[in-house]
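Since the structure comes first, as structure tokens, the remarks are kept for the end.
Residues: numbered from 1 along the sequence shown. Both counts, for ligands and for their atoms, begin at 1 and track the order of listing. The analysis underlying the following values was restricted to heavy atoms, covering all of them including side chains, and did not include hydrogens, waters or symmetry mates. Bear in mind the structure is a predicted one, so any value in this text is a computation, not a measurement.
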Amino acid sequence: MSRPKVWIPRRLSAATLDRARASYDVIEEPLDEPASAARIIEMSAQVDAMIPCHSERFTAEVAAVLDSRLKIVANHSVGVDHCDLPALRARGIDVTNTPDVLSDATAEIAMLLMLGAARRTVEGDRVVRSGAWDTWSPAFMVGKQVSGARLGIVGMGRVGRSMAEKARSFGMEIHYHNRAELAADQAKGAIFHADLDEMLGQVDFLSLHCPITPETRNLMDARRLALLPKEAVIVNTARGGLIDEAALLAAIQSGHIAAAGLDCFAVEPGGNPALAGEERIMMLPHIGSATRKTRDAMGFRALDNLDAFFAGKRPRDLVN
Ligand code: 8YV
């Protein structure tokens, strides 16, 4: 029997590709940019499965014209906002994701951004690197202390809980807003707020870890940013569209928000040039899960889902 054919449009880890080649007929197309809708549609007639990233968009329009040969989209991402899940289900196409395996790597980047934004890292690096460091005083580059402060987490899923775990080791008091209150063994003392607005007034740092949906788009708009205490710090490693970037910039420039750490932007790749002149915003190019260990684990999790599917079983991470 011939082996299933799998399209891998992006440059996945070497270990992932080796394992994929061992089990499947793989069409590798290591693009350094997202595959276009036209390419996705074209490839759907040639393969039984795809392993795309969050950068390949399976909109309702794309789903409607995919070839009936394609049976499964085994994403190399935990986020599935790039996939119209009902539209793909309507075409009989399974969609899977890669939860768990990227939680620690993403929470590490959230910690990095929280610390980096609070302690003025962008400005400090620039001052030393440019040779402009010509003075020192106890009043020089004073930032905001993370240890012992209050952290609000929006979205207490796996990444949010990993962030809470790391923040606890800094003695932070953890607050969270989530669709449902967690059981005590998962909350580990974190304080639940059913109402996001109510939580915002009670935290010094805010970190976003929820998916983007029509309900959460622009979740942190001008009104909610104003609910944070003066000189709060905001961190986003989830999806750029959760924050109204113009409102964030205005809140930073007014001094209401002290700093921000962003790993994701409304427009990616590229980010928001309007934020670039503001050193109190630390920015990274969507690298939350970009460690060798996690990239291998994500690739393997996507392949586990494919293996189950082609063995006639329900993939562990089926999301539609
Ligand atoms: C990845 C992500 O970098 O998993 C997600 O949803 O946004 C990131 O972890 C990306 O999807 C890699 O494929």
Hydrogens and angles aside, do [X] and [Y] bring a side-chain donor and acceptor to less than 3.5 Å of each other?
X	Y	value
R295	S289	yes
E215	T213	yes
W7	Q46	no

**Asked** Is it true that R39 and E56 have a side-chain N and a carboxylate O under 4.0 angstrom from each other?
**Response** no
**Request:** For R119, look at atom CZ and say whether over 12 heavy atoms of other residues, nucleotides or ligands are found less than 6.0 Å away.
**Result:** no
**Request:** Using the six-membered ring wherever Trp is involved, compare the ring planes of F58 and H82 and label them parallel, tilted or perpendicular (cut-offs 30° and 60°).
**Result:** perpendicular
Distance dump, ligand 1 polar atoms to protein, N/O, under 3.5 Å:
from, atom 1, to, atom 2, distance (Å)
ligand 1, 3 (O), S289, OG, 3.1
ligand 1, 3 (O), R295, NH2, 3.3
ligand 1, 4 (O), V78, N, 2.8
ligand 1, 6 (O), V78, N, 3.4
ligand 1, 6 (O), G79, N, 2.8
ligand 1, 6 (O), R239, NH2, 2.8
ligand 1, 7 (O), R239, NH1, 2.8
ligand 1, 7 (O), R239, NH2, 3.3
ligand 1, 7 (O), H286, NE2, 2.7
ligand 1, 9 (O), S289, OG, 2.6
ligand 1, 11 (O), H54, ND1, 2.8
ligand 1, 13 (O), H76, O, 2.5
ligand 1, 13 (O), H76, ND1, 3.0

